[in-house]
Amino acid sequence: MDYKKQIAALIKIEGVTAQDIEELITKPKEVSNGDYCLPCFRFSKALRKSPMAIADELLQNIQIGGIIERVESVAGYLNFKLNREQYNCQILEKVLADGENYGRSDIGRGKTICIDYSSINIAKPFHMGHLSTTVIGAALYRLYNFLGYKSIGINHLGDWGTQFGKLIVAYKLWGNKEDIEKRGVAALLEIYVKFHKEAESDSSLDEQARYWFKQIEDGNVEATALFKWFKEITLTEVDKIYKRLKIQFDSYNGESFYNDKMQPVIDELEEKGLLQTSEGARVVNLDDYKMPPCLIVKADGATLYATRDLAAAFYRKKTYNFYKSLYVVAYQQNLHFKQLFKVIELMDYDWYKDLEHVAFGMVSMEDGSPIKTREGKVILLEDVLNKTVERAYEILTLKSDSLENKSEVAEMVGTGAVIFSALYNSRIKDIVFSYDRVLSFEGETGPYTQYTYARCGSVLRKEEITEVCDYSALNNVEANDVIDALAKFPSILLDAADRYEPSYIARAVMDIAQAYNKFYFAHRIIDAPEAARNVSLKLTKAVKQVIAEGLGLLGIEVPEKM
RNA sequence: GUACUCGUAGCUCAGUUGGAUAGAGCAUUAGACUCCGACUCUAAAGGCCGCUGGUUCGACUCCAGUCGAGUACACCA
């Protein structure tokens with residue numbers, strides 16, 4: 001809830017619209033300066049008066065009343081103080097009345113947003129490098145649905161390319177069917193790594209790989225069967241992780257899906273005169289835009305990454321008629337997407353501006369070196385999840401041994417810790433993976449917010465809320481901070497959606513949890529007189545509800561006890 | 001070399017259209033469980049916001065330059 005409009009209506013300045021005034025009104029950092037303020041410096045020149053004089057003058061002519069309790073002129077600022085009792089009451093009642101729909105919106109009604117995320121490679125392990133795209137994409141998916149949009153989750157599978165030829169060769173040479181069925185991707189990775197090692201000294205292997213990939217392309221029965229088998233094995237395995245992380249997709253159309261959809265795109269590029277030949281390849285020249293050319297067809301006639309992504313973009317536009325189409329892909333691909341979007345612009349489709357590369361930083365190993373699948377240098381996400389869940393279980397045993405559903409709670413806390421840590425910082429930050437960090441459950445972590453949720457539950461179990469309320473009991477710094485954090489939540493969701501930043505949600509949840517814990521220590525709830533107790537209980541209930549809601553959007557569950 | 005991204009406390013990071021005294025967490029030190037859940041809370045200490053210049057009444061925020069780090073740059077995806 002926002003009172004900027006009401007305040008702006010109280011102020012009249014010659015030559016300045018109410019809209020402009022409203023935009024200038026902000027919340028002071030220092031609470032003692034009030035709840036809202038209007039800096040008057042900007043009017044100084046036009047009015048030929050000092051900001052102090054302007055603020056003084058405005059103060060004289062202002063009619064206060066209702067929720068605005070006091071106005072002051074301080075050092076060029078006009079400071080407004082709200083009637084906290086009224087304000088707190090309005091916010092809390094609103095949060096509780098809206099329940100799990102607090103902050104829900106319909107601004108996205110009738111609009112579809114395609115989100116390309118996770119997009120795993122077939123026959124390769126699901127490692128820490130995939131965590132960001134997976135959880136960021138899934139959080140945006142939920143967020144947009146919550147704001148009234150229709151999200152389409154797309155797992156653009158990496159299921160095409162010469163690596164499948166390599167894998168077939170490796171399988172034929174060293175593979176063991178039973179072993180692969182039992183150990184899945186781990187076994188596939190082993191022979192894949194072995195292939196690269198052997199290929200260093202035996203160049204004929206690469207030739208064979210090319211041969212077998214061609215067989216897949218030409219529909220050879222044996223090759224196709226193996227290819228499908230690799231895909232199935234990978235998907236069943238990765239599905240377990242998606243289940244643990246509460247992640248779903250509406251489409252698994254990956255690279256192979258677009259094989260027969262590229263020629264029309266190439267034809268259209270030709271028709272529009274955008275293609276030229278360079279070193280034998282067909283490219284779109286992007287010199288005018290200070291970019292290297294975008295390769296569409298290789299010298300040998302084969303298509304490329306960009307060709308496929310073009311076909312995918314057109315397919316998505318045609319199929320979903322999206323309002324926006326997001327690519328949650330690491331920033332390494334920056335140039336690729338800039339080229340891709342530019343080519344679509346040059347093809348004269350104005351929806352190129354609805355395409356967005358939602359870039360994020362990269363994850364490196366504990367020693368700072370990059371992850372290298374081909375060398376088997378990976379941190380498996382499953383291992384990380386298992387370790388954090390195990391650690392959560394140990395802590396529960398230590399602190400809450402009598403808990404009846406201990407394993408279930410450990411799963412929530414462990415996976416919650418991993419997801420939260422991946423979503424707490426801005427997307428663009430690089431991450432050096434550290435077990436110490438993900439295994440830490442104190443301070444700014446997922447478990448901290450879950451703990452706060454459980455603590456709220458515990459308080460609420462002690463007493464029923466009745467209707468006798470005295471909001472003056474909440475008129476203190478700590479409670480006000482909690483209410484402010486709750487009040488901001490809906491607009492933070494909108495900002496998070498605007499900027500594709502799930503971290504805003506994580507931060508908002510953290511703010512609420514921290515503010516509540518401070519409140520909890522400063523004020524007694526249960527032993528307070530009924531009317532005071534009730535408002536504190538309402539506050540507690542609201543906090544509990546919004547934490548659950550925020551974490552829910554991030555894909556994190558909350559335990560009633562932990 | 002060119003383009004993009006990042007540079008804030010010892011470490012990891014917030015700082016949302018430029019606004020009053022730059023904030024958290026971890027780590028360190030000192031404290032708080034006969035009291036609603038101590039995975040918590042209180043306090044101390046910790047800063048030429050990489051550097052220089054410019055715009056502005058006002059710059060961590062915008063612009064230019066510079067240094068440092070990362071990423072990408074032709075037939076992989």
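The chains referred to below are lettered A, B, ... by the order of the sequence lines, with proteins before strands, and numbering in each begins at 1.
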Task: Base of B/A20 and ring of A/Tyr77 stacked, centres under 5.5 Å, planes under 30° - done: yes
Task: ring centroid sep under 5.5 Å plus plane angle under 30, A/Phe41 with B/G58 - done: no
TODO: Indicate whether any N or O donor in one side chain lies under 3.5 Å from an N or O acceptor in the other, for A/Tyr516 and A/Thr540.
DONE: yes
Is the phosphate of [N], meaning OP1 or OP2, less than 4.0 Å from a side-chain N or O of [X]?
{"X": "A/Lys462", "N": "B/C36", "result": "no"}
{"X": "A/Arg282", "N": "B/A74", "result": "no"}
{"X": "A/Tyr448", "N": "B/A24", "result": "no"}
{"X": "A/Lys429", "N": "B/C13", "result": "no"}
{"X": "A/Lys45", "N": "B/C57", "result": "yes"}
{"X": "A/Lys518", "N": "B/C41", "result": "no"}

In whole angstrom, what separates [X]'s [atom1] from [N]'s [atom2]?
{"X": "A/Lys4", "N": "B/G19", "atom1": "NZ", "atom2": "P", "answer": "12 Å"}
{"X": "A/Arg427", "N": "B/U16", "atom1": "CZ", "atom2": "P", "answer": "15 Å"}
{"X": "A/Asp116", "N": "B/A77", "atom1": "CG", "atom2": "C1'", "answer": "13 Å"}

Would you mind classifying the nucleic acid contact of [X] as base, sugar-phosphate or nothing, using non-hydrogen atoms under 4.0 angstrom?
{"X": "A/Asn33", "answer": "base"}
{"X": "A/Leu304", "answer": "sugar-phosphate"}
{"X": "A/Lys561", "answer": "base"}
{"X": "A/Tyr331", "answer": "sugar-phosphate"}
{"X": "A/His523", "answer": "base"}
{"X": "A/Tyr424", "answer": "nothing"}
{"X": "A/Ser458", "answer": "base"}

Open item on the list: Pair A/Arg533, A/Asp527 - check salt bridge (Lys or Arg N to Asp or Glu O under 4.0 Å), show working.
Closed with: CA-CA 7 Å; A/Arg533 182 178 65 221; A/Asp527 4 306; over 6 Å; no
Taking a pair as Watson-Crick or G-U wobble with both distances under 3.5 Å, which nucleotide is matched to [N]?
{"N": "B/A43", "value": "B/U29"}
{"N": "B/A22", "value": "none"}
{"N": "B/U17", "value": "none"}
{"N": "B/G1", "value": "B/C73"}

Open item on the list: Does the Lys NZ or Arg CZ of A/Arg507 fall within the cation-pi geometry relative to A/Tyr424 - under 6.0 Å from the ring centre and within 45° of the axis?
Closed with: yes
TODO: Would you kindly check if the NZ (Lys) or CZ (Arg) of A/Lys166 is within the cone defined by 45 degrees around the ring axis of A/Phe164 and under 6.0 Å from the six-membered ring centre?
DONE: no
Open item on the list: The side chain of A/Ile395 is closest to which nucleotide in this list: B/C39, B/G37, B/C73?
Closed with: B/C39
TODO: Classify the ring geometry between A/His196 and A/Tyr192 as parallel (under 30°), tilted (30 to 60°) or perpendicular (over 60°).
DONE: perpendicular
TODO: State, with a plain yes or no, whether a side-chain heavy atom of A/Phe433 is found less than 4.5 Å away from one of A/Val384.
DONE: yes
Task: Donor-acceptor pair under 3.5 Å, A/Asn79 side chain vs B/A20 base - done: yes
